[in-house]
A.B. asks: 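Shown below is the structure under consideration.
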Amino acid sequence: MISKKSNPIVKVKVREFGLLLNGGDKSDIDCHSIKKKAFEWLLVNGQSANDKSVELVRVKKYGKEIALQVVNYVGVLETPCGTRIEILPKISDQHDSETAKKVLLKMLSTVNKLSMQQFEQSSLKTVKQPLFEILIGYFLKEVADVVKRGIRSEYKRVEAKTPYLKGQLQTSRQLRERPGCQNRFNVSYDQFSSDRSENRLIHSALKQVLKWTKSNENHRLGKELLFAFDEIPLSSNYSLDFRKWSVDRSLVHYLNVKSWCELILSYQSPITLSGVHKGISFLFPMETLFERYVAMKLQKDLSPHLKLKTQASNQSLVSHTPANAEKEQGWFKLKPDIVISEKQTDKVVCIADTKWKRIYENQGTAKEKYGISQADMYQMFAYGHKYLEGEGIVYLIYPKHAQFNDSLESFKFNEKLTVKAVAYDLDLDKCDVSF
């Protein structure tokens with residue numbers, strides 16, 4: 001690992017869709033200069049090596065020069081040269097990074113099922129901290145919960161040579177022993193051990209965050225937790241251990257910590273940190289975060305006779321019977337973000353799709369169309385006909401901002417089926433969705 005002395009940390013803070021410039025002294029939250037090495041690294045590594053559709057930056061023109069525009073992901077990224085970039089969601093047009101950070105933390109707390117009461121009590125103190133220290137603190141709290149509720153062990157088959165008979169004697173191996181070596185027994189037995197894939201990954205993630213953190217509180221808690229995993233080896237193969245992560249009921253309290261381990265160990269990071277560099281890569285897709293957050297908030301407001309499902313896929317755009325098939329098949333699955341239906345009859349009463357992008361109520365012309373995409377309207381048309389049988393209201397939920405304060409007038413497909421574009425207020429957690 002590159003020493004911190006040769007690579008002092010340079011902190012940069014930008015918002016979604018902000019520009020990163022190659023050198024200079026610009027330090028605005030929407031346009032910030034970074035070191036040449038950091039710029040060049042992002043230019044090369046700003047897309048996932050496995051999926052070119054996953055991008056962190058786009059190349060944009062900035063006068064006669066080129067700039068990098070951050071998109072899609074919020075969180076913290078550190079480049080090999082020691083530039084730490086904090087990317088915040090664009091909640092409002094005001095240059096208020098603390099409000100943006102507070103909203104982001106609230107969303108992460110809800111989606112990752114952390115204690116909201118604990119977050120709210122310490123929110124003022126928390127928001128003042130660097131974002132990556134807050135995220136490390138969240139991870140450590142999840143690990144502390146695992147330790148409190150019990151580190152799980154499992155039986156492992158062990159084969160060994162022992163001076164005494166234990167378990168099952170391996171007869172064939174024992175008979176092949178050379179003369180003079182028959183005073184030891186070839187045996188196999190079950191050993192109850194905490195050396196399992198889940199614990200190895202948590203141990204590895206703990207080791208990693210202790211290298212990152214500069215917070216005394218995080219360092220103290222991390223050291224305490226590390227002691228609980230002291231006898232468990234580190235993971236030697238992240239990919240294999242993640243595949244072996246058990247979904248057994250006895251490990252239900254391990255569920256929340258898994259996603260943090262994936263982020264910390266860069267197993268599911270959208271940007272793979274290449275080489276020996278092990279920098280911070282806490283990145284969250286805002287589209288997914290917004291979708292899950294809105295769904296969880298709507299779930300709390302449901303009547304007892306209703307249920308909510310995310311990413312339902314029980315309807316298809318078309319039916320087709322291929323020549324080599326006996327039955328009709330549904331092709332092109334339709335997956336609305338939110339489907340609300342009655343528990344007893346399964347009748348769908350509400351369809352909604354969340355869109356993490358800005359629309360503008362003052363752009364109500366045939367040309368601008370408030371910034372709503374035609375593809376989204378086609379999508380709503382299909383959802384309305386397939387899930388609501390062509391009758392009712394489908395909702396497009398966008399984040400509220402200064403230029404989109406209230407719901408727009410309904411868009412009509414016909415007299416029975418309409419689309420409503422509504423604003424979700426992330427401060428007050430309100431939106432005009434009826435069900």
Side-chain angles (χ1 to χ4, degrees), residues 2 4-49 51-101 103-104 127-135 212 214 266 269-275 277-287 289 356-358 360 371 399 401-403:
I2 300 171
K4 292 184 179 180
K5 289 183 179 178
S6 59
N7 281 304
I9 298 298
V10 178
K11 298 176 182 177
V12 172
K13 188 180 294 183
V14 292
R15 292 193 299 191
E16 277 183 295
F17 312 111
L19 297 177
L20 298 171
L21 308 181
N22 189 359
D25 56 1
K26 192 83 171 174
S27 60
D28 187 78
I29 197 168
D30 288 322
C31 187
H32 208 296
S33 298
I34 59 175
K35 291 193 292 186
K36 183 181 178 182
K37 285 184 178 180
F39 187 92
E40 290 174 348
W41 186 86
L42 280 173
L43 190 61
V44 173
N45 296 279
Q47 288 188 324
S48 169
D51 184 359
K52 294 302 180 184
S53 67
V54 177
E55 59 181 2
L56 175 63
V57 294
R58 293 175 187 159
V59 177
K60 293 284 183 179
K61 274 196 171 184
Y62 185 78
K64 294 182 180 180
E65 305 293 329
I66 65 166
L68 299 177
Q69 183 183 48
V70 293
V71 292
N72 292 334
Y73 292 91
V74 294
V76 183
L77 175 71
E78 185 180 299
T79 68
C81 68
T83 299
R84 185 174 294 158
I85 304 170
E86 188 173 298
I87 307 169
L88 298 172
K90 192 168 183 178
I91 305 298
S92 70
D93 292 321
Q94 297 178 354
H95 292 195
D96 186 355
S97 60
E98 287 194 4
T99 299
K101 189 188 290 186
V103 170
L104 174 59
V127 170
K128 299 288 185 183
Q129 298 178 29
L131 182 60
F132 87 101
E133 292 288 6
I134 300 168
L135 297 175
W212 290 343
K214 297 296 180 185
S266 295
S269 173
I271 306 300
T272 302
L273 300 177
S274 56
H277 175 65
K278 295 292 181 182
I280 298 163
S281 181
F282 281 118
L283 295 170
F284 305 89
M286 271 307 297
E287 293 91 343
L289 188 59
W356 182 254
K357 58 185 179 183
R358 291 189 161 204
Y360 302 88
H401 59 94
Q403 297 177 63

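Values reported hereafter were calculated over all heavy atoms of this structure, with side chains retained and with hydrogens, waters and symmetry mates removed.
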A.B. asks: Report yes if the side chains of Leu88 and Lys13 come closer than 4.5 Å at any heavy-atom pair, otherwise no.
C.D. replies: yes

A.B. asks: Report yes if some heavy atom in the side chain of Glu65 is under 4.5 Å from a heavy atom in the side chain of Leu21; otherwise report no.
C.D. replies: no

A.B. asks: Supply the atom-to-atom distance Thr79 OG1 to Arg84 CZ, rounded to the nearest 0.5 angstrom.
C.D. replies: 10.0 Å

A.B. asks: Can you tell me how far the NZ atom of Lys101 sits from the CD atom of Glu86, to the nearest 0.5 Å?
C.D. replies: 4.5 Å

A.B. asks: Would you name the heavy atoms of Ser33 and Asp25 that are closest together and state the gap between them?
C.D. replies: OG-N, 3.5 Å

A.B. asks: Could you check whether any side-chain heavy atom of Leu68 comes within less than 4.5 Å of a side-chain heavy atom of Phe39, counting everything from C-beta outward?
C.D. replies: yes

A.B. asks: If you define the side chain from C-beta out and look only at heavy atoms, does anything of Lys214 sit under 4.5 Å from Glu133?
C.D. replies: yes

A.B. asks: If you compare all heavy atoms of Trp212 against all heavy atoms of Phe282, which two are closest, and at what distance to 0.1 Å?
C.D. replies: CZ3-CE1, 3.7 Å

A.B. asks: Do Tyr62 and Lys26 come within less than 4.5 Å of each other through their side chains, counting heavy atoms only?
C.D. replies: yes

A.B. asks: Within the structure provided, determine whether Thr83 and Leu42 are in side-chain contact (heavy-atom separation under 4.5 Å).
C.D. replies: no

A.B. asks: Identify the heavy atoms of Pro89 and Ala100 that sit nearest to each other, and give their distance.
C.D. replies: O-CB, 3.5 Å

A.B. asks: So how far is it from Asp28 CG to Arg15 CZ, rounded to the nearest 0.5 Å?
C.D. replies: 8.0 Å

A.B. asks: Are more than 12 heavy atoms, taken from residues, nucleotides or ligands other than Lys357, located less than 6.0 Å from that residue's NZ atom?
C.D. replies: yes

A.B. asks: Hey, are Glu16 and Trp356 close enough side-chain-wise for a donor-acceptor pair under 3.5 Å?
C.D. replies: yes

A.B. asks: Check whether any side-chain heavy atom of Trp41 lies under 4.5 Å from a side-chain heavy atom of Pro80, and answer yes or no.
C.D. replies: yes

A.B. asks: Is there a side-chain contact between Pro399 and Ile91 in this structure, where contact means two heavy atoms from C-beta onward sitting under 4.5 Å apart?
C.D. replies: no

A.B. asks: Taking it one step at a time, do Phe17 and Val71 satisfy side-chain contact (heavy atoms from CB on, under 4.5 Å)?
C.D. replies: CA-CA 5 Å; Phe17 312 111; Val71 292; 3.9 Å; yes

A.B. asks: For His401, give me all partners under ring-ring contact (aromatic ring centres under 6.0 Å, His included), at least two apart in sequence or on another chain.
C.D. replies: Tyr360

A.B. asks: Grab the two heavy atoms, one from Ile87 and one from Leu131, that are nearest each other, plus how far apart they are.
C.D. replies: O-CD2, 4.5 Å

A.B. asks: Working to the nearest 0.5 Å, report the span between CZ of Arg58 and CG of Leu19.
C.D. replies: 12.0 Å

A.B. asks: Give, for atom NZ of Lys35 and atom CG of Asn22, the distance between the pair rounded to the nearest 0.5 Å.
C.D. replies: 12.5 Å

A.B. asks: Quick check for you: to the nearest 0.5 Å, what is the distance between Leu135 atom CG and Leu104 atom CG?
C.D. replies: 7.5 Å

